[in-house]
Each structure stands twice: as C-alpha cells, then as structure tokens.
Chemist: 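Sharing a structure, written as structure tokens. Questions coming.
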Amino acid sequence: MAGAGRRSGQDTKARIQEVALALFTERGYESTSMREIAERLHITKAALYYHFKNKEDIVVSLFGRQMAAVDDLIDWAAGQPPGPDLRREVVERWIALSTELGVRMFRFAMTNQHVLRELKPRREGAFERFQVLLDVITDPDAPVAEQLRTRMALLSVQMCLMAGRGLDVTDEELTGAARELSLELLGPPAGAGTGAGTGG
C-alpha cells in the first residue's frame, strides 16, 4: 500500500510539473500564479503546496528531472557494447527525451530567459553530461569525419529545436524531422544493404 501511495504522489508531482510548464510557456512565468496551476489541475492549493512550496521550486524540479533523465541515458549507454547500433539507439533515446520534455523545456527557456537568469535553477554539469554521452558513443579510433558525424547527429537534435522556432509545425513534426536528419548523419544501420543482388 505504501508503494502505491508513493506512486500516486509521484504521478501527482509529474502532473503538476507538466501543467505548470505549459502555463509558464503560454502565459509567462511571472503571470502564472500557484492558484492558477491548482485550478488547471482541479486540485486544492493545499495539495499543490504539499508537493511544491512555490513556482521556483517547480522550475528547479523540472531542470532536475531533465538532468536525471540524461544521467539514466548515460548509465544505460555506458553498459552497452560500443558500435553503430549503440549510436543509433542513443540518438533515438535522445530524441525521445526531447519529445517527452525537451521541446517544452526549450520553449519555456526561450520565452522566460530573464526569469531563469534570476532563478538560476541548478543546471550545473549539463554540458559535462552531454560531453560524457558523446564520449560514450564516439569511437576514438574512427576517422575524424566519422567521429564528427556521430557528434553532429546528437547535437543536431538541439540545433533543430533552435532552428525550428517560429515554424508553423507541431512538436511531433519538429522532432520527427530532427530524428530523420540525425539518423541521416549516422548513415545506414549496420548491415543495411548486405546481400543485395545475391541469389539472382
């Protein structure tokens, strides 16, 4: 029963994060109140304050959630055999992270830059985490051009989010295009095209 209670609390916390992020992006951080977040969720302010003491606490938790997801991906990738299959899978998972939270976090950051400068949410190590992930999937003995393709494949996801600002497309269309471009940089999957023209 205790486990079910924890899961329920975690689910509520995640719902609060999602709704708050949407409101912060739509209305602006400063124009959104804790009361409005509670009303959108159809919960009491007391229930909201049970999970987060203020709006700043919500923002900090969102960045913490993003960092934790990257840590999980690094840990998983570090335990896999290196090679082209791992590179493709990491790119796929990186895009999934961007689809789940990254696009909305990026949009929130772009529309509330002055707020982030004031709040200074804990983003220490974000660049270092990204560098570790790049190191995990890059073959140091590969030709320079191949190493660059691997790194550009991962970096291109964020570049697509930046370049896509102002385009009249859905998040799904944007991340779908980012996936296509990223995987093109990696080249065809291992073994693709083998055996072509045989048996005839």
Chemist: Closer than 3.5 angstrom, by distance alone: can the side chain of E36 be matched with the main-chain N or O of S33 as a donor-acceptor pair?
Modeler: yes
Chemist: If you count the non-hydrogen atoms of other residues, nucleotides and ligands that lie under 6.0 Å from OH in Y49, is the total more than 12?
Modeler: yes
Chemist: How long is the span from the CD1 atom in I16 to the CD1 atom in I37, to the nearest 0.5 Å?
Modeler: 8.5 Å
Chemist: What are the two closest heavy atoms between L48 and M34, and how far apart are they?
Modeler: CD2-O, 3.1 Å
Chemist: Quick one: side chains of residues 174-185, donor-acceptor pairs under 3.5 Å with protein atoms, not counting sequence neighbours, listed by atom name and distance.
Modeler:
residue: T175; atom: OG1; partner: D171; partner atom: O; Å: 2.9
residue: T175; atom: OG1; partner: E172; partner atom: O; Å: 3.3
residue: R179; atom: NE; partner: E92; partner atom: OE1; Å: 2.9
residue: R179; atom: NE; partner: E92; partner atom: OE2; Å: 3.2
residue: R179; atom: NH2; partner: E92; partner atom: OE2; Å: 2.7
residue: S182; atom: OG; partner: A153; partner atom: O; Å: 3.0
residue: S182; atom: OG; partner: S156; partner atom: OG; Å: 2.7
residue: S182; atom: OG; partner: A178; partner atom: O; Å: 2.8

Chemist: Hey, are the side chains of F24 and I58 touching, using non-hydrogen atoms and a 4.5 Å cut-off?
Modeler: yes
Chemist: Could you check R151 against F130 for side-chain contact (heavy atoms from CB on, under 4.5 Å), going step by step and ending with a plain yes or no?
Modeler: CA-CA 10 Å; R151 289 167 173 258; F130 192 71; over 6 Å; no
Chemist: Tell me the closest heavy-atom pair linking Q17 and S61, and the distance in Å.
Modeler: NE2-OG, 3.0 Å
Chemist: What closest approach, in Å, do K53 and D57 show between heavy atoms, and which atom pair accounts for it?
Modeler: N-OD2, 3.2 Å
Chemist: Locate the shortest heavy-atom distance separating V90 from L154; write the atom from each residue and the value.
Modeler: CG1-CD1, 4.2 Å
Chemist: Which heavy atom of T138 sits nearest to which heavy atom of L134, and what is that distance?
Modeler: OG1-O, 2.6 Å
Chemist: For a quick test of reading the model, state the closest non-hydrogen atom pair linking L186 to T150 and the distance between them.
Modeler: CD2-CA, 4.0 Å
Chemist: Side-chain polar contacts of residues 69-81 - donor-acceptor pairs under 3.5 angstrom, sequence neighbours left out - could you list them?
Modeler:
residue: D71; atom: OD1; partner: R129; partner atom: NE; Å: 2.7
residue: D71; atom: OD2; partner: R129; partner atom: NE; Å: 3.4
residue: D71; atom: OD2; partner: R129; partner atom: NH2; Å: 3.2
residue: Q80; atom: NE2; partner: W76; partner atom: O; Å: 3.3

Chemist: Can you check whether T12 reaches Y50 side chain to side chain, under 4.5 Å on heavy atoms?
Modeler: no
Chemist: Is it the case that the side chain of K13 and the backbone of H51 share a donor-acceptor pair, with hydrogens and angles ignored and the cut-off at 3.5 Å?
Modeler: no
Chemist: For L23 and E26: C-alpha separation, side-chain torsions, deciding distance, then whether side-chain contact (heavy atoms from CB on, under 4.5 Å) applies.
Modeler: CA-CA 5 Å; L23 284 170; E26 293 167 12; 4.1 Å; yes
